[in-house]
Amino acid sequence: MKPPSRPGTVLLTDYAWPDDSVERSVIEQAGHTLVTGPAEPASAEVIEELVAEHRPAGILTCWAPVSATAIGTSPDLRIVARLGVGLDNIAVDAATERGVWVTNVPDYCVEEVSDHAVGMVLAWTRGLAVFDREVRAGRWDPASARLRRLSTLTCGVVGFGRIGRATARKLGAFGCRVLAHDPHPPRDVPGVEMVDLEELLRRSDVVILHVPLTPATHHIIGSERLALMRPGGLLVNVSRGGLVDTDAVIKALDSGQLDGAAFDVLETEPHVPAALLDQPGALLTPHVAFSSDASVTELRRRAAEEVVRILAGETPAHACNSPLGLPAGSGDRR
């Protein structure tokens, strides 16, 4: 571990909340200076310019891209801390090569994201969003209901980390059959049948994605795998937009292969394809599954505390890499 640094600068690249007060409080109480970039995530080039200007010892980032160039620009950089779980906006390999820690907050929103996924399933089985739109448009037609009993359905959870396990537990409470797939399947999970991905798709009425976005999982759901699903099912994505081929989903909705697609994330966000908006079976929320009053405050505080911890010469609580020349941290990507 490098020795503790003198008071330094921490760059907050972007933030998905009204202000930077929580981050500023933690950073400044530790004797460091916080510099805040634009609230909306800027381009990689803008972030690189901010890093070159301020030469931070620590970077806090929500959704803005932290490129290899940015990481290599500041000689004082010790840590890139993700305000979230996924790391697809951070050049982790470049950080590792330069002896820079990458951290996340892997467990701050387990309940919120799993609640959001289950809420989307309930909205589909009970027609909540569809009938709300109908009533607001002046149509009161209970005879048109084509609703489902959740306890008779099979729900497949793709990715069985913290959030996947929470979703499976909550779905099980409704009495439905729960299948799960994970590249590192746990042993003997009561109430959950571990299967391979293709079997999960063939047997599930509902498929929920809880996996990180990596080169191996990019478009893990495309036309071929959608064709494996039971006709008239629901696809839920509350993880990363790039897991799903959106064009293939739109075609599956058009054909009736999918009855519903519930997405909190999109590959093109914040842009929403017009063809997806036109789909009556699409339920869309603006990347808010992680959010609650409790989870956001916890996220901001814990991410900033990781920066302070590293700048004090300590080991991170949730290391996502093992920087060259430094001892391994606790490691926690899930």
Side-chain angles (χ1 to χ4, degrees), residues 111-158 163-164 166-180 191 200-210 221 225-239 241 243-266 269 272-292:
E111 299 303 326
E112 284 79 6
V113 176
S114 57
D115 283 353
H116 206 87
V118 174
M120 285 176 149
V121 175
L122 289 170
W124 178 68
T125 58
R126 304 310 306 155
L128 302 181
V130 172
F131 282 115
D132 176 74
R133 292 194 291 263
E134 290 288 302
V135 171
R136 291 176 185 276
R139 293 183 288 273
W140 189 276
D141 185 14
S144 67
R146 300 292 183 271
L147 304 179
R148 300 161 180 84
R149 178 178 289 180
L150 180 53
S151 64
T152 67
L153 302 182
T154 297
C155 296
V157 178
V158 182
I163 298 174
T167 296
R169 170 174 52 81
K170 293 170 185 179
L171 288 170
F174 286 96
C176 55
R177 179 180 293 105
V178 180
L179 309 178
L200 181 147
L201 294 169
R202 285 193 296 267
R203 292 173 55 188
S204 296
D205 303 289
V206 174
V207 173
I208 303 170
L209 303 181
H210 285 311
I221 300 297
R225 284 181 167 151
L226 287 169
L228 295 177
M229 290 180 61
R230 289 181 175 178
L234 170 70
L235 176 66
V236 178
N237 186 10
V238 290
S239 295
L243 299 174
V244 173
D245 181 341
T246 306
D247 290 339
V249 168
I250 292 168
K251 291 177 182 177
L253 289 167
D254 278 335
S255 70
Q257 176 63 17
L258 280 179
D259 182 75
F263 292 165
D264 181 59
V265 289
L266 293 171
E269 63 184 62
V272 184
L276 187 61
L277 288 172
D278 289 341
Q279 293 291 335
L283 175 62
L284 307 172
T285 56
H287 205 146
V288 293
F290 71 92
S291 183
S292 75

Beyond-backbone contact of Asp141 with Glu134, side-chain heavy atoms, under 4.5 angstrom: no
Neighbour count >12 (heavy atoms, 6.0 Å) for atom CZ, Arg136: no
Under the salt bridge (Lys or Arg N to Asp or Glu O under 4.0 Å) test, residues paired with Arg203 that sit two or more places apart: Glu193, Glu199
Separation between SG of Cys176 and CG of Leu150, rounded to the nearest 0.5 Å: 4.5 Å
Test item: Val121 and Phe174 side chains (from C-beta on) under 4.5 Å apart, heavy atoms: no
Inter-residue atom distance Leu209.CG - Phe263.CZ, 0.5 Å rounding: 8.0 Å
By side chain to side chain contact (heavy atoms under 4.5 Å, CB included) - contacts of Thr246 (at least two apart): Ile250, Pro273, Leu276
Heavy-atom check, side chain of Gln279 versus side chain of Asp254, under 4.5 Å: yes
Nearest heavy atoms of Asp264 and Ala289, plus distance in Å: OD2-N, 3.0 Å
Note, Leu147 side chain near Phe131 side chain (heavy atom, < 4.5 Å): yes
Counterpart residues, side-chain hydrogen bond (donor to acceptor under 3.5 Å, both in side chains), relative to Thr154 (two or more places apart): Arg177
Non-neighbouring partners of Asp278 that pass salt bridge (Lys or Arg N to Asp or Glu O under 4.0 Å), sequence neighbours left out: none
Arg149: partners by salt bridge (Lys or Arg N to Asp or Glu O under 4.0 Å), with sequence neighbours left out: none
Qualifying residues under side-chain hydrogen bond (donor to acceptor under 3.5 Å, both in side chains), relative to Asp247, sequence neighbours excluded: none
Residues in side chain to side chain contact (heavy atoms under 4.5 Å, CB included) contact with Ala262, at least two apart in sequence or another chain: Met120, Leu234, Val236, Leu283
Residues which pass side chain to side chain contact (heavy atoms under 4.5 Å, CB included) with Ala173, listed by chain and number, not counting sequence neighbours: none
Contact check, side chains of Val207 and Leu200, non-hydrogen atoms, under 4.5 Å: yes
Contact check, side chains of Asp259 and Trp124, non-hydrogen atoms, under 4.5 Å: yes
Sequence-distant partners of Ser239, side-chain hydrogen bond (donor to acceptor under 3.5 Å, both in side chains), two or more places apart: none
Nearest atoms (heavy-atom pairs only) where Val178 meets Ala168: CG1-CB, 3.8 Å
Sequence-distant partners of Asp205, salt bridge (Lys or Arg N to Asp or Glu O under 4.0 Å), two or more places apart: Arg230
Set of side-chain hydrogen bond (donor to acceptor under 3.5 Å, both in side chains) partners for Glu112, sequence neighbours left out: Ser292
Heavy-atom side-chain contact between Thr167 and Val238 under 4.5 Å: no
Side chain Gln257, main chain Leu226, donor-acceptor under 3.5 Å: yes
For the student: nearest non-hydrogen atoms of Cys155 and Leu171, plus distance: CB-CD1, 3.8 Å
Salt bridge (Lys or Arg N to Asp or Glu O under 4.0 Å): pairs with one or both residues in residues 115-130, sequence neighbours excluded: Asp115-Lys170
Side-chain (Ser255) to main-chain (Ala252) donor-acceptor, under 3.5 angstrom: yes
Nearest non-hydrogen partners of Ile208 and Ala117, listed with the distance: CG2-CB, 4.0 Å
Reported NE2-to-OG1 distance for the pair His116 and Thr285, which is rounded to 0.5 angstrom: 3.0 Å
